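See structure below.
Remember, predicted model here, so these are calculated numbers, not experimental data.
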Amino acid sequence: MDLIPGIPNEIALECLIRLPIDQFSKAASVCKKWNGEITLPEFRRRRKVSGLTRTVLAMVQSMVATVKKPEGDTALFSTQVYRLSVCDPENGSWYDLPPIPELIAGLPRFCRIVGVGSDLVVIGGCDPDTWRVMDCVFVYNFISGSWRRGTDMPGQQRSFFGCGSDSDRMIVVAGGHDDEKNAMKSALSYDVVKDEWITLPDMVMERDECKVVFHKGKFHVIGGYPTWAQGHFENDAEVFDTATWQWRLEDDFLSVINTSPHSCIEGDDGRLYMCRGGDVAVKEDPTWQKLAGLPAGITSVAYLTACQGKLRLVGRGQFDELYSIYALDLDVESDGKVKKWTKVETSDEYSGHVQHGCCLEI
């Protein structure tokens, strides 16, 4: 059966890979043949080779509500109900993903999200009503436009863990703390395609509130702190070597002490970026260099990403209720100076608190 009657399948495929992102789920429902082609991993690879994939930003973001003040004025504030919002930086559009069927009332608090191919994976968190620690895994596929339940995260309860992916099929979960607030040094990997968890060797150190970043072909678990330190962040990192199946400790990886690594990310240029104090720094091996100061008035950064030649930052001022988004062009001026931050116009609906975020290339 031809994909499109009267047209060679090779040409028909070229037509399908050029569909807009938000039309894939509709196209997949046209017939079994289209669904079979569109949901194959080869379909995304073909789009990528042809330069047709687009980067989107996904965020665990709170809903925004309007409250009436005693004096009669109204004000906007972030609620405690979180959903998944998506931004397409190419055209500036925003939209919500469909709610997880089993979590209609909202996402788990402090859950982690990670992009793997065309999938967005939601892992763990706390029940928003009971605060029970959850080990559930949910996977949203941008091609089919549907959710599926993954295999639950194994082992003891784990909160505030690090989580990162190789953007292809593998996720690493590391550190965090157990139900008695003890920092953990255990680690797991999750194969999204096989829906299988594998127990990795323990890390050298306990790492609560660490960050997992896939950098230079290896998973890096950055910072965090042991039980006794309680919030005093380490500045080292551990790198997992798949060849030896061991962790390797890298001292002074962050170059500064007692700094949360939550904003540390790898850009699509292969470099690491991170907010430190009032600046954004870039890692020019082996040292970190100041790239730019934070946008004027921003004192708290919820999320940082680097893609398509720009840094994008979600943050707020000390007394602000809502969050703003800023962009910084990574190309330098002719005099060698970095360009200035520009505020990205965003509707109030998408100005709520951001708990976690990730990039996907679809």
Side-chain angles (χ1 to χ4, degrees), residues 21-22 55-115 120-131 134 138 140 142 145 147 160 163 260 262-263 265 275 294-305 307 310-328 341-360:
I21 296 172
D22 58 0
T55 298
V56 297
L57 314 180
M59 291 174 247
V60 178
Q61 188 172 45
S62 67
M63 306 285 283
V64 175
T66 303
V67 63
K68 191 172 184 178
K69 294 182 177 179
E71 57 269 24
D73 296 335
T74 60
L76 297 171
F77 72 100
S78 294
T79 70
Q80 297 300 308
V81 179
Y82 285 82
R83 88 296 201 183
L84 288 165
S85 61
V86 177
C87 172
D88 184 338
E90 188 169 312
N91 58 26
S93 63
W94 287 80
Y95 59 93
D96 290 352
L97 289 186
I100 298 172
E102 297 178 44
L103 301 172
I104 297 297
L107 292 170
R109 301 277 181 84
F110 312 115
C111 64
R112 298 294 187 250
I113 62 172
V114 60
L120 178 67
V121 185
V122 181
I123 304 177
C126 298
D127 185 289
D129 295 322
T130 66
W131 289 95
M134 305 173 72
F138 299 95
Y140 180 81
F142 276 85
W147 287 97
F160 292 90
C163 185
S260 169
H262 83 275
S263 66
I265 51 97
C275 296
L294 295 181
I298 295 298
T299 57
S300 175
V301 176
Y303 177 53
L304 179 73
T305 187
C307 60
K310 292 180 182 293
L311 278 179
R312 290 178 175 83
L313 177 150
V314 180
R316 68 174 182 176
Q318 183 176 0
F319 303 107
D320 295 335
E321 174 64 34
L322 301 182
Y323 285 72
S324 299
I325 299 179
Y326 295 84
L328 178 72
W341 292 97
T342 57
K343 189 172 183 178
V344 178
E345 292 301 323
T346 309
S347 66
D348 292 336
E349 180 183 3
Y350 295 104
S351 298
H353 175 248
V354 174
Q355 226 170 52
H356 202 239
C358 68
C359 281
L360 299 94

Between Arg312 (side chain only) and Cys307 (backbone N and O only), is there a donor and an acceptor less than 3.5 Å apart? yes
Distance from Leu120 atom CG to Cys358 atom SG, nearest 0.5 Å? 5.0 Å
Using modelled atom types only, decide if a donor and an acceptor are shared between the side chain of His356 and the backbone of Val60 within a distance under 3.5 Å. no
Check whether Trp147 reaches the backbone of Glu102 with its side chain - one donor and one acceptor, N or O, closer than 3.5 Å. no
Is it true that Tyr140 and Phe138 have ring centroids separated by less than 6.0 Å? no
Test side-chain contact (heavy atoms from CB on, under 4.5 Å), reference Tyr82, set His353, Gln61, Met63, output is His353
Minimum-distance pair of heavy atoms, taken over all atoms of Ala105 and Val81: O-CG1, 3.6 Å
Closest heavy-atom pair and its distance - Tyr303, Gly357: CE1-C, 3.5 Å
Any chance you could measure Ser85, atom OG, to Tyr95, atom OH, to the nearest 0.5 Å? 10.0 Å
Measuring from Cys126:SG to Phe160:CZ, what's the distance to the nearest 0.5 Å? 6.5 Å
Measure from the side-chain N and O atoms of Thr346 to the backbone N and O of Val344, and report whether any donor-acceptor pair falls under 3.5 Å. yes
Do Tyr323 and Val354 have side chains that approach each other closer than 4.5 Å (heavy atoms only, starting at C-beta)? no
Looking at Asp320 and Leu322, would you say the former's side chain and the latter's main chain have a donor-acceptor pair under 3.5 Å? no
To the nearest 0.5 Å, what is the distance between CD on Glu321 and OG on Ser351? 11.0 Å
Quick one: pull up OG1 in Thr342 and CG in Leu328 and give me the separation to the nearest 0.5 Å. 8.0 Å
Thr305 to Cys359 - nearest heavy-atom pair and separation: OG1-SG, 2.8 Å
Among residues at least two apart in sequence or on other chains, which ones pass ring pair (Phe, Tyr, Trp, His ring centres under 6.0 Å) with Tyr326? none
Please find the pair of heavy atoms, one from Gly124 and one from Pro108, that lie closest to each other, and give the distance. O-CB, 3.5 Å
Indicate yes or no: at least one non-hydrogen side-chain atom of Val122 is less than 4.5 angstrom from one of Leu103. no
What heavy-atom pair brings Ile298 and Leu294 nearest, and what distance separates the two atoms? O-CD1, 3.8 Å
If you define the side chain from C-beta out and look only at heavy atoms, does anything of Trp341 sit under 4.5 Å from Leu311? yes
Taken in chain and number order and not counting sequence neighbours, the residues that satisfy salt bridge (Lys or Arg N to Asp or Glu O under 4.0 Å) with Asp96 are Arg83
Report yes if some heavy atom in the side chain of Pro128 is under 4.5 Å from a heavy atom in the side chain of Gln80; otherwise report no. no
Note, Cys163 side chain near Val121 side chain (heavy atom, < 4.5 Å): no
Between Arg109 (side chain only) and Leu107 (backbone N and O only), is there a donor and an acceptor less than 3.5 Å apart? no
